[in-house]
There are 4 protein chains.
Amino acid sequence: HDHASLIVYGPDKPGIVAAVTALITRNKGNIVSLDQYTDDPTGGAFFQRVVFHCRDLKVAMTEIENDLETTLGALGLTWKLTDQSIPKRMGILASTSDHCLLDLLWRHRRGELPVTIPMVISNHSNAADDVRSFGVPFFHVPSSGTDKSAAEAQIVKLLAENVDFIVLARYMQILSPDFLKNVGVPVINIHHSFLPAFIGAAPYKKAKARGVKLIGATSHYVTEELDEGPIIEQDVVRVTHAESAADLQRRGADVERAVLSRAVLWHAEDRVIRHQNQTIVF
Amino acid sequence: HDHASLIVYGPDKPGIVAAVTALITRNKGNIVSLDQYTDDPTGGAFFQRVVFHCRDLKVAMTEIENDLETTLGALGLTWKLTDQSIPKRMGILASTSDHCLLDLLWRHRRGELPVTIPMVISNHSNAADDVRSFGVPFFHVPSSGTDKSAAEAQIVKLLAENVDFIVLARYMQILSPDFLKNVGVPVINIHHSFLPAFIGAAPYKKAKARGVKLIGATSHYVTEELDEGPIIEQDVVRVTHAESAADLQRRGADVERAVLSRAVLWHAEDRVIRHQNQTIVF
Amino acid sequence: HDHASLIVYGPDKPGIVAAVTALITRNKGNIVSLDQYTDDPTGGAFFQRVVFHCRDLKVAMTEIENDLETTLGALGLTWKLTDQSIPKRMGILASTSDHCLLDLLWRHRRGELPVTIPMVISNHSNAADDVRSFGVPFFHVPSSGTDKSAAEAQIVKLLAENVDFIVLARYMQILSPDFLKNVGVPVINIHHSFLPAFIGAAPYKKAKARGVKLIGATSHYVTEELDEGPIIEQDVVRVTHAESAADLQRRGADVERAVLSRAVLWHAEDRVIRHQNQTIVF
Amino acid sequence: HDHASLIVYGPDKPGIVAAVTALITRNKGNIVSLDQYTDDPTGGAFFQRVVFHCRDLKVAMTEIENDLETTLGALGLTWKLTDQSIPKRMGILASTSDHCLLDLLWRHRRGELPVTIPMVISNHSNAADDVRSFGVPFFHVPSSGTDKSAAEAQIVKLLAENVDFIVLARYMQILSPDFLKNVGVPVINIHHSFLPAFIGAAPYKKAKARGVKLIGATSHYVTEELDEGPIIEQDVVRVTHAESAADLQRRGADVERAVLSRAVLWHAEDRVIRHQNQTIVF
């Protein structure tokens, strides 16, 4: 409690770190951790994350925000101050595969993910009992036929204003370009290949056909371009010629849930800054 | 000494393993190791590698080969018998970068690679002294201008009949479609990305632009299709946003030389079978 | 169906592979996969695993076993023939931590583990509902006080004759030297360090104190010597100075469940041969 | 050029980061990167590394040092300011094995290590030509017999005042307790196991006997306690039952040179802070 995280980014210039740390000190904050990165020391972009402790943070927030507005605004910087005691609300979309879904629910129960989970929505009903056994509401929104717009509208209606970010936990429906705009919050996906290899459908089958010796998974923010959004985390596992496409799928499932859980944790802890089509992960 | 490796492959059918092992036994061979793989138990392709010991192997070779011809020919199988005491002759093509080249020379000197190295050819002369200090002949074949055919002809002339396989140790010239045909031996390349991601030139720059969290290297047999040949080995290393394209290149160099050295070792030990556009690595 | 696995081991001598493969052929078996290893080509120990297909295997078993007895007995070899359509019965012992337990139950439900799970026994009751939601019986056997013999006797009574092997899924009670003898089946443990480092209690705390840069987990067969049994599988994960002992525990939990699930799978598929204090894993 | 690295550590208290960054700003420095760590937010130890750019650094050094003395001394902190344009002088001790030695020399030639190498000393002469081909002086100091004191005195005489740190690149002689005191600079060793497993001699043989599935290497600062000094870096590689102790040694050599080169780089860049028997690596 009483911990805040502050994200600052914008055009680099001398003295930003000193300005930010002085600001925290004069607002009686004590820096717990500080990460900083400049993509080009001569005139590039600047990124910083500071976690600080501040007694009676809730009371102090407004004053700190005013100070940030004045001090960092003058430097042309963007900032975001977050009270770490307020967990982000995470909505999950899933389909029949449950390995990513169950892993998130279980990590949450263990206290590994600083989020609340207001709901799980799936276009299949198989996971309903499992989800509810974790005390999480489950909504079944079928998605058959070619026109998905009604289903998507229903999903948006359930999620809008109720969640701070959305996780596609192997959700197998392609969302329309409008979905992102309509839900208005970041969406994190897990793709079952080491992007940019094997973009699109059936990556394990493509991996088997190409004869790769490593398969992987990639968690990224969803953008309008399918499988092209900023990558948050990736990992791989070694495979051999002896493994079938089905084996690759089974082996890959372990990588998928591990990669997704790390990406979700980092997003939930405000460790990820999007910059162009890349991420800074502190 | 007196060890042979036998590669057998072709259409699968019951009894192949028994036929091969019986053949080795009746020729007084003792099996040291045996690997076997079938890509589809119902009518797929069969692959086998056996290493066996046989007293006075050099004398026995002809008789064993006759038996193989009779026995395996009848089963429609292809085979290749190799006296392991005869090292393969490895020619190396290189350019200015020396990390893969020196690593192969060091490993060879340490006795890690069962090959001889009749020559190193480079389109640059910077590595000449280093190469010759290992007792290996060095030939400088410059490759300037747009017409590379004269340089390529000179390379083919140097290599033809003198080597059993060729390693492109970060050789930065694109070889013509005829090169493979004219040298008549397998060519192993190291590509500085985890193929099929970042095919073509400047993969580290592309990797930086895409914001991947892992970079890799791929060793593959060269075919007429650039970067599309059968993959022998791959590996990756974790990187962060803080690393520049130049950092990725430096970090990747370590992966490249490690991956290439494993691929070369396995090829030299007759562990790799090409099948369609894939490899079986025993 | 109709697949058998055959394990053969004993003193090496020429012709064993041929003898075994001929035996399978004359019993109308078709070899699907074959692995073989000799720890010393000159007079060492020989190990082999063959999976073969045989129409009407259940009928043929007796005849094949007789042939094995005659043929391999004469060679001084030990063998074990298993009908792969009969899943092994796996009993699980657990305590409060549920990461290894749930991972095994999830994988089993997904069809990844060729076993049945007759029961889970725990000295705590917290996982009862979760376990039963998988359709698996749960028994709570408390283990308080200094004399654990009554609790242990109860556990043995529940397990004996009902399971083919036992998994200690982070079971935090030390079993008596007699336990192994009384249950009469192999017991697989997961230790939360890369053995032989940090033997005994509180390995993550010891790892933090020593300042290691990697932490790991080890799955091994239980013997009378605590943490000294034959290792089946190990893995590690990279950590930094910034991670507390509690962080190491959380990070390590992911390695533990991954390592244990691989060891269990390999044991269930008869891929593991114990030899002295080591394992051959095919 | 004109880049300095500043290491600060000592008892944690609020405002240190702000004090340091303000100091850099008022001395006209521009922060390029900043790393910070507190081992216990409530009254633990504080560690910081800042790299900053400062025009005419050489001229400004004295003034900055005076400011540091005043400002940080008052806070009870220890600090160390380094002009990054002045490379550290690295002495290397080696024996017959050349894989670590050559890797360091070659990385230095490629410009990967910001050091100079005044000399290589070996108790064997086999590497003399190789070392000198890199333009580095080579001294042969034989070390036979039971009394090593004369050899050690000769080594100290060669190194003292001539190097800023020493690397034991698989140097196979045990140095006396006085050696560290007499050379007066940090000594970095590479141990061929993932410490604390397999302390002492012949770790690969011990690893084979224990049947581990991973082997590793550890680079650490040398202290009076053999193999017990603060660990800088570790890594592992997967092995199987089929690999002999000699295979492990060959496979391990690749891990050794990789781990040592990373530890040396980080030390050379002033990224490593020793704290009790651990390291903070920024």
Side-chain angles (χ1 to χ4, degrees), chain A residues 32-35 49 51 96-114 126-135 169-170 233 235 237-244 246-262 264-266 269 271 282, chain C residues 32-35 49 51 96-114 126-135 170 233 235 237-244 246-262 264-266 269 271 281-282:
Chain A
V32 174
S33 79
L34 187 155
D35 291 286
R49 178 180 184 263
V51 175
T96 39
S97 285
D98 64 3
H99 57 285
C100 287
L101 171 63
L102 289 178
D103 199 57
L104 289 174
L105 293 170
W106 168 80
R107 284 181 193 277
H108 178 248
R109 185 171 74 182
R110 276 165 78 84
E112 288 189 15
L113 296 177
N126 59 299
D129 286 353
D130 273 329
V131 169
R132 289 180 185 131
S133 79
F134 284 92
R170 297 301 311 279
E233 172 63 336
D235 215 339
V237 67
R238 185 163 284 274
V239 296
T240 76
H241 62 264
E243 287 167 284
S244 65
D247 291 332
L248 299 194
Q249 189 169 338
R250 180 176 58 76
R251 300 283 310 282
D254 283 358
V255 186
E256 292 165 27
R257 69 177 186 177
V259 164
L260 181 61
S261 73
R262 292 201 289 267
V264 165
L265 176 63
W266 298 339
E269 294 182 340
R271 294 182 175 279
F282 284 133
Chain C
V32 174
S33 79
L34 187 155
D35 291 286
R49 177 180 184 263
V51 175
T96 40
S97 286
D98 65 3
H99 56 287
C100 288
L101 171 62
L102 286 180
D103 199 56
L104 290 174
L105 293 170
W106 286 337
R107 288 181 192 276
H108 179 249
R109 185 168 69 180
R110 251 176 237 135
E112 289 187 15
L113 295 177
N126 60 300
D129 287 351
D130 272 331
V131 170
R132 290 181 184 129
S133 78
F134 287 88
R170 296 300 311 279
E233 172 64 337
D235 215 339
V237 67
R238 185 163 283 275
V239 296
T240 76
H241 61 264
E243 286 167 284
S244 66
D247 292 331
L248 300 193
Q249 188 169 339
R250 181 175 59 76
R251 300 283 310 283
D254 283 357
V255 185
E256 293 165 26
R257 67 178 185 169
V259 165
L260 180 61
S261 73
R262 292 201 289 266
V264 165
L265 175 64
W266 298 339
E269 294 182 340
R271 295 182 173 280
V281 181
F282 284 133

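To find a chain, count down the sequence lines: A is the first, B the second, and so on, and within it residues start at 1.
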Is it true that a side-chain atom of C:T240 and a backbone atom of C:A242 form a donor plus acceptor pair closer than 3.5 Å? yes
Less than 4.5 Å to any heavy atom of chain C: does that hold for the side chain of A:R109, its backbone, both, or neither? side chain
Please determine if C:D35 and C:R271 form a salt bridge, counting it only when a charged side-chain N lies under 4.0 Å from a carboxylate O. no
Looking at A:R257 and C:D254, does any basic side-chain N land under 4.0 Å from a carboxylate oxygen? no
Using non-hydrogen atoms only, which part of C:D129 is less than 4.5 Å away from chain A: side chain, backbone, both, or neither? neither
Between A:D130 and A:S133, is any side-chain donor less than 3.5 angstrom from a side-chain acceptor? no
With only heavy atoms counted, which part of A:R262 is less than 4.5 Å from chain C, the side chain, the backbone, both or neither? neither
